[in-house]
Amino acid sequence: MKLFYNAQFHTIKEEEDIVSAVLVDDKGYIKETFIQTPEIENIEKIDLKKDFVYPGFIDTHTHSFEGGLYTLNANLESVTCLSEVFEILSKTKPISGKIFAFHFDENNVEEKRFPTITELDNISPNIPLILRRVDGHSCVINSKAAKMIDWEKPLPSTFDGHLFGRANGKASNWFHRDLTDEAILKSYQQAANIALQNGHTVIHTMIGDAYSDIKHYKLIKENLHLLPIEFVLYPQITDVDVALEIGSPRIGGCVLADGSIGSHSAALLEPYSDKPETSGILYRSNDFWQNFVQRAHKNNLQVAVHCIGDAAISQILSCYENVQREDPKDLKHMIIHNELTSDDILDKMKRANVSAIMQPMFDRLWAGKNGLYEKRLGVKRTSNTTRLASVYNRNILLTGSSDWYITNINALMGIDAATRIHNEKEQLTPYQAIEIYTKNAAILSGDQNRFGTIEKGKLANFVCLKENILVSKSIKDIPISSVIIKGIQNSI
Ligand SMILES: [Zn+2]
Ligand SMILES: [Zn+2]
């Protein structure tokens, strides 16, 4: 037994519910919470030095493998011109014989364009190289990679290295394939360490990339005990039999109903403002999704699908509505992203008992005045993106996430962004924003009896901060002093 004391523990059972000491048993579960620190003899006492303590953060949607792998490779997040890109790439060491670059945004470089295949060939003539756009929905590859990838149909003779849609998926899948077990585990290990450093005690992660590759799933499941935080796994496949065979309670993740707003591939009900000839792409037919959702629902699998645009959300939502109408179950099927919605869509989500897994940082990065969303969608539709308060106030289960590697895995940044949504009507209070990264996240995976709040009988998973989130002027900058997992303190 040990007693954590001298702190303000925000239990997140209810707002204003605060205790000052927590007794934890040897298995890492909370034995008791105390308003006033008790006198207990002969136990270990841990002074938390007036920290503000919250349930450990939970990120409910990450691509941790890519997140880990890419942080071991070339990060193009802060480049301002292409020569900086080339300099970083020329110094990058390959992993398992491949070079990965991520977080490239053509809008952030002076030249306002992607590198060409010739430019990439000059840097890496002999080692396959992929440079992924910040949203993951397009990429550029070099000639070596173009030769090695087993394409579904031959590349056009005018191929300039730039890939979208299914070809983009094919290329990134090829790059992620055939890595050694060691490189795969190292990527997840790296991911877990970064998540822990940023205050997370549990993260949800996609495994594989929709191409029926379940090798990682088995590998990670067998090695979960080696990782410092808990992972909730999503086999990223649409084959229900495979999900059942590996014993997963859920299926999907970022399996794509559509693409992204940045790449003009998010499926919209009305055309793009800056490209009126297109409304984006529904990647698969209604029949495909209906069959998939029906089979998964029948077999009690929780379904997760990536939907950005209102047309994609409507497509998947009608499948969820159908199965719920025929056979109501509390599976909390997920709309991942849920980026552009109307009141009508949200009312339907509530009725169909669907959950929304959203990324407050998307708003921070792309929804501001003259930002990417305004350019693509116009002012009016932009105000209908990342509608956190509208979702929350309808009592739809809302959880927060980073979509890491798309944005950094950092719940404090997410909480901060949720309280500062550009459309003020959609802002959450700091308390609500904490809920979506703790209590609500635990409910999503059915783990509400194990973690998510600071309560007797739950795991002692805490994040200890130097400042109170509820009154902080800059939540994203609050220093983390330690992270406690199952009663064991990790200093940061
Ligand atoms: Zn996605
Ligand atoms: Zn994703």
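Both ligands and their constituent atoms are indexed starting at 1 by order of listing.
Residue pairs satisfying the side-chain hydrogen bond (donor to acceptor under 3.5 Å, both in side chains) criterion with at least one member in residues 357-366, sequence neighbours excluded, are listed as follows: H337-Q359, Q359-S401, D363-H422.
Among protein atoms, those of element N, O or S found less than 2.8 Å away from the Zn ion (ligand 2) are H61 NE2, H63 NE2, C254 SG, D403 OD1.
Between H176 and H63, a ring centre-to-centre spacing not shorter than 6.0 Å is recorded.
Across every non-hydrogen atom of K486 and L459, the tightest pair is CG-CD2, 3.8 Å.
Salt-bridge formation is not detected for the pair K380/E270: no Lys NZ or Arg NE/NH1/NH2 atom is positioned less than 4.0 Å from an Asp or Glu carboxylate oxygen.
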- Message: Set out, in order, the CA-CA distance, both residues' side-chain angles and the distance that settles side chain to side chain donor-acceptor pair (under 3.5 Å) for K458 and T453, then state yes or no.
- Response: CA-CA 8 Å; K458 294 196 187 180; T453 57; 2.6 Å; yes
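With a 6.0 Å cutoff to the six-membered ring centre and a 45° limit on the axis angle, R376 does not count as a cation-pi contact of Y272.
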